[in-house]
Amino acid sequence: MTFQWSALSSFSSPARASHVVLAASILGASMAASAAEEVNVYSARKEALIKPMLDRFTTDTGINVNLVTGSADALLRRLQVEGSASPADVFITVDAGRLYRAKKAGVLQPIQDAELESTIPANLKDSDDYWFGLSQRARVIFYNPKKVDASEFSTYEGLADAKWKGRICVRSSSNIYNQSLVASMIDADGKEATSKWLKGFVANFARPPFGGDTDLLKAVAAGVCDVTLANTYYFGRMGNSDKAKDQAVFNSLAIFWPNQAQGQRGAHVNVSGAGVTASAEHKENAVKLIRFLTSHEAQEWYAEVNNEYPVVKGIEPPKVLQNFGTFKADSLSLSVLGDNNRFAVELMDEAGWK
Ligand code: FE
């Protein structure tokens, strides 16, 4: 308990205060009216990318939001350590693979809510309603158009072709984004074909895996390799950057949407998402917050500041992404990415993807 509360120093008005007020209200009914409504959020998204929207939620509803931010893995560990004593009501993180881990770790609870059911496309939420997608990103091909012609590409599967030998840069297989991509390929192509594909793909690496998506985009721009895989928001961020260096990288790269032909499944997409914690003391407020995050206004803002695609249909993506053109997204239920994760990790390991 000591650990729990000392670790929570960043909460401006700890949930505990409401217990005090609640106890007082038993003695004097008039106190109840002054009990501040609140909801406690653990977010793997940086404060600047979420706080203004949470403030808007407070303005609209009168519910105070106490925000703790941190890395996705650290916050999940914290939820596990705190267990049923966790003050968190909502957990926000990125990648369906991670949301699946949170579900499996028992730190989330299912929420059957008619509104969330109808607003969020079924494939972009957990099939058992433990988490809900809030924004979408695609993990696609980025290349140097001076070295590669777009006609050379077709599918993710095509990247195992020998013509790409020594021309592909990727980040480590420990990265959840790559694991989720491979998990989607296992669903589409089966384990055996994916295992074979991985061996060919790994044989095409220009150098051992390194860096994050941004480093890889820079490496392609610098001529270290011709092709990489990255999430769309990293590219969008560079396009929106006021740094000349980022602009130069952005302008020297091109995007290719894989698996777009008739009958093909579409580009691999993933989400950032949120779930109500198993320990939530403010469950109702937690659901209200997730509903708010899928409102038209919040979807537009959230997508804009994160350079992502909204999950709710009918809402325009941010300008910088509109420049990339439209694409067909794989409609695979993202719950499958979690189910297939361990097979993906196994096969990547076997193929020598470090
Ligand atoms: Fe990322």
Side-chain angles (χ1 to χ4, degrees), residues 41-51 53 67-77 91-102 124 131-142 156 169-184 209-221 227-241 243 245-246 249-250 253 255 257-258 267-275 293 299 301-311 317-318 320-321 324 327 329-330 334 337-338 341 344-345 348 353:
V41 177
Y42 282 7
S43 169
R45 307 223 89 170
K46 291 197 180 77
E47 183 164 340
L49 302 182
I50 188 160
K51 182 77 166 46
M53 199 165 55
L67 177 66
V68 168
T69 57
S71 83
D73 295 335
L75 287 176
L76 176 55
R77 265 198 306 277
F91 180 41
I92 298 176
T93 190
V94 295
D95 202 287
R98 279 210 190 90
L99 288 155
Y100 173 90
R101 280 178 200 164
L124 302 181
W131 54 260
F132 302 89
L134 298 177
S135 62
Q136 266 189 99
R137 64 282 296 280
R139 189 161 189 78
V140 294
I141 296 171
F142 292 89
Y156 295 102
C169 283
V170 290
R171 71 194 277 178
S172 155
S173 65
S174 66
N175 173 251
I176 190 83
Y177 305 149
N178 285 333
Q179 293 172 8
S180 286
L181 170 63
V182 173
S184 78
F210 65 95
D213 286 17
T214 303
D215 302 306
L216 293 162
L217 293 172
K218 287 177 181 169
V220 174
V227 180
T228 193
L229 295 168
N231 288 350
T232 39
Y233 58 87
Y234 290 105
F235 194 52
R237 192 189 293 167
M238 284 185 151
N240 274 338
S241 170
K243 289 187 193 136
K245 267 188 178 172
D246 290 343
V249 172
F250 181 76
L253 298 182
I255 189 169
W257 300 103
H268 170 63
V269 293
N270 208 317
V271 289
S272 79
L293 295 175
Q299 280 286 297
W301 187 88
Y302 192 61
E304 182 76 42
V305 298
N306 290 291
N307 299 297
E308 290 188 274
Y309 297 92
V311 290
V320 68
L321 300 186
F324 304 168
F327 66 101
D330 187 355
L334 297 192
L337 302 183
N341 180 273
V345 171
M348 291 163 98
W353 184 339

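Ligands are counted one by one from 1 in listed order, and the atoms in each one are counted from 1 as well.
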Fill in: Environment of the Fe ion (ligand 1) in terms of protein N/O/S atoms, cut-off under 2.8 Å
Y177 OH, Y233 OH, Y234 OH

Discussion item. Show, in sequence, the C-alpha distance, side-chain angles and deciding distance for N270 and S180, and conclude whether the side-chain contact (heavy atoms from CB on, under 4.5 Å) test is met.
Written reply: CA-CA 8 Å; N270 208 317; S180 286; 3.4 Å; yes

Fill in: Any donor-acceptor pair under 3.5 Å from Q136 side chain to P310 backbone
yes

Worksheet item: Salt bridge check: are E308 and R45 linked by an N-O gap of less than 4.0 Å?
Response: yes

Discussion item. In this structure, is the centre-to-centre distance between the rings of Y234 and F250 below 6.0 Å?
Written reply: no

Worksheet entry | Listed partners of D213 passing salt bridge (charged side-chain N to carboxylate O under 4.0 Å, His left out), at least two apart | R139, R171

Item to complete: Quick one: sort the F324 and F235 rings into parallel, tilted or perpendicular, breaks at 30° and 60°.
Response: tilted

